[in-house]
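Below you'll find the structure, written out as structure tokens, and then a few comments.
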There are 2 protein chains.
Amino acid sequence: MKKSSTQSVQDYLKRIYELTENGSPASTNDLARELNIKPASVTGMIQKLAAEKPALLEYQKHQGVTLTPTGKRAALEVIRHHRLLETWLVQTLGYAWDEVHEEAERLEHVISEDFERRIAAALGHPLRDPHGELIPTADLKMPADKSTSLSALRKKQAGRILCVKSADADLLRHLNEIGLTPNTMIEVIDYSPFDHNLTIKVEKKTYVLGLSITSKIFLEIA
Amino acid sequence: MKKSSTQSVQDYLKRIYELTENGSPASTNDLARELNIKPASVTGMIQKLAAEKPALLEYQKHQGVTLTPTGKRAALEVIRHHRLLETWLVQTLGYAWDEVHEEAERLEHVISEDFERRIAAALGHPLRDPHGELIPTADLKMPADKSTSLSALRKKQAGRILCVKSADADLLRHLNEIGLTPNTMIEVIDYSPFDHNLTIKVEKKTYVLGLSITSKIFLEIA
DNA sequence: TTCTGAATTTAGGCTTGACTAATTATATTT
DNA sequence: AAATATAATTAGTCAAGCCTAAATTCAGAA
């Protein structure tokens, strides 16, 4: 029996999933920042979720939290909803990739399993969303990610953009304008070890990108 | 500045709109029944909404409630969302008309104005939803309803179905099976004054329908 | 007109999930 | 190793919205 969690709980689980993707527990402060909720409130909620009958979180005071298998499944369900919705807003309603986040953020909590199945089928069970983020499968597994951060590439290396990890609409619009969207080929022309700027070539044009951008772009190396 | 109301408030306004369509105020009890909320709680909410800065409700103790112009606009907004969503679930995701209500009931509270505009445009600014219910216009006016209840027709009268007012999935499925859906032509063959049963002809076949059905079907008289 | 039952309202309580302020742990310096 | 800064937790509040139980008001019947 799957008890449906509240919108708040779903948000917590989703953020914790994201913050623990690197393998380490999520801190109260980081979670609070991501959720726009005060740390004290976050402590309260994680203690509640860790204490539930089938616990959703693993939690030791002052040590941060991780998801239990149950919590992870719930998180992947929400993330699947989110990414399917973003894909679908772009493909069927003509949204731009910088316009979908907010809308999906609200819709993800209210769609039925039936709705999820219908849009997944209508979209042909997509692997990635409009930003290139991997979409958890219907059985709630996250596909393996084989991408490399553009920030790790050096002179002469090249690749194809797989994913742009950002919800910043202004940045996304800018990247779209200069053609840095999934599936585009990129070549690194130069690297500056001092500021970590990368000079890259895209479609005959070159751009110098700072780390705050290159760290958000992920590629399949050519 | 339009302050967005909570989902609860939106539900209250929507139900009050429906209950006051006949011109008389909505009673606490009727509202409680429609909302599946205890009458005492309804009283509390009604008093709160009637006391807000721009009041949403007109309320006198023991006299029931009506919507103020502000409340009516908010109600029509929700109803527009609901009906556009139902239309859109049917037209683009292949839902059947008996499957859309629950889904729309949840989605109606979270879609943006942008989303509303996009689906309205994609659907060609429809006048009616899949049940034939009129969809409030973008400037929040309810189009005039010129339909007549099937229950008011008598022997020899005929018409075209405009609307089926029911959220009962079983009934909707049954009506669909016997072909009683919007746009279908109906002719009254017989009327029984004792039980108010009507014998009608649809596509060469005849059916005897009770008042609980005929009162929910609305037509344009031929 | 008075009575009775249904409808409505009041009173008081509970849960969820947020907040602030104050306290306690942990980490970082010196 | 002590002092301090940062992170996390506790304690106590609050607003929404629901609930039950106990009044109260109204409307129709006697």
Side-chain angles (χ1 to χ4, degrees), chain A residues 3-16 19-20 22 24-67 71 74-75 78 105-106 108-110, chain B residues 3-16 19-20 22 24-67 71 74-75 78 105-106 108-110:
Chain A
K3 73 236 61 224
S4 57
S5 32
T6 65
Q7 177 176 138
S8 273
V9 171
Q10 290 179 8
D11 281 336
Y12 275 85
L13 296 176
K14 185 172 58 162
R15 299 307 180 195
I16 293 168
L19 290 170
T20 55
N22 60 13
S24 55
S27 75
T28 301
N29 261 359
D30 288 354
L31 246 185
R33 181 173 29 71
E34 292 296 315
L35 291 165
N36 286 306
I37 286 174
K38 293 288 175 294
S41 308
V42 170
T43 297
M45 180 62 101
I46 65 190
Q47 290 180 341
K48 199 183 72 174
L49 297 182
E52 293 201 345
K53 354 187 197 181
L56 297 169
L57 305 181
E58 189 62 49
Y59 169 65
Q60 296 290 114
K61 280 193 170 106
H62 295 278
Q63 307 299 134
V65 285
T66 55
L67 295 169
V78 180
E105 201 75 9
R106 279 174 284 106
E108 66 188 9
H109 305 296
V110 306
Chain B
K3 72 235 64 233
S4 57
S5 32
T6 64
Q7 176 169 334
S8 272
V9 171
Q10 290 179 8
D11 282 334
Y12 275 86
L13 296 175
K14 186 172 58 160
R15 300 307 180 193
I16 293 168
L19 290 170
T20 54
N22 61 13
S24 55
S27 74
T28 302
N29 259 0
D30 288 353
L31 204 41
R33 181 173 27 72
E34 293 296 316
L35 290 165
N36 286 306
I37 286 173
K38 293 288 176 293
S41 307
V42 170
T43 297
M45 178 63 98
I46 277 173
Q47 291 180 340
K48 200 184 70 173
L49 297 182
E52 293 201 347
K53 355 190 196 179
L56 297 169
L57 305 181
E58 189 61 52
Y59 168 65
Q60 295 291 112
K61 280 190 174 115
H62 296 278
Q63 307 300 134
V65 285
T66 55
L67 295 169
V78 180
E105 200 74 12
R106 279 174 285 109
E108 66 188 9
H109 305 294
V110 305

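Lettering follows sequence order; numbering is per chain, from 1.
Counting non-hydrogen atoms under 4.0 angstrom, B:Thr43 reaches a base of the nucleic acid.
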request  = For the pair B:Ile37 and B:Leu31, evaluate side chain to side chain contact (heavy atoms under 4.5 Å, CB included) and give the outcome as yes or no after the intermediate values.
outcome  = CA-CA 8 Å; B:Ile37 286 173; B:Leu31 204 41; over 6 Å; no
query = Could you walk me through whether A:Tyr12 and A:Val42 pass the side chain to side chain contact (heavy atoms under 4.5 Å, CB included) check?
reply = CA-CA 9 Å; A:Tyr12 275 85; A:Val42 170; 4.0 Å; yes
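Look at CG on A:Asp30: it is 12 Å from C1' on D:dA8, rounded to the nearest Å. Nucleotide D:dA8 holds its C1' atom 5 Å from the NE2 atom of A:His62, rounded to whole Å. What separates NZ of B:Lys61 from P of D:dC26 is a distance of 11 Å, to the nearest Å.
A:Thr66 and A:Thr20 get closest at one heavy-atom pair: CA-CG2, 4.4 Å.
Residue A:Leu56 is tested with A:Leu67, A:Val9, A:Ile16, A:Val65 for a side chain to side chain contact (heavy atoms under 4.5 Å, CB included); the sole match is A:Val9.
No side-chain N or O of A:Ser27 forms a donor-acceptor pair with one of A:Asn29 less than 3.5 Å apart.
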task = Produce a footprint string for nucleotides 13-18 of chain D: one letter per nucleotide, 5' end first; B if the base is under 4.0 Å from any protein heavy atom, S if only the sugar-phosphate is, - if neither.
result = ---SSS
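Ion pair A:Glu34/A:Lys14 not flagged as a salt bridge, since none of the NZ, NE, NH1 or NH2 atoms sits closer than 4.0 Å to an Asp/Glu carboxylate oxygen. Salt-bridge formation is not detected for the pair A:Glu108/B:Arg106: no Lys NZ or Arg NE/NH1/NH2 atom is positioned less than 4.0 Å from an Asp or Glu carboxylate oxygen.
For DNA chain C, the outermost nucleotides in 5' to 3' order that have an atom under 4.0 Å from a heavy atom of chain B are C:dA7 to C:dT10.
Here the CZ-CZ distance, from A:Arg33 to A:Arg15, works out to 11.0 Å after rounding to the nearest 0.5 Å.
Regarding contacts with the backbone of D:dT6, every side-chain N or O of A:Asn29 stays at 4.0 angstrom or more from both OP1 and OP2.
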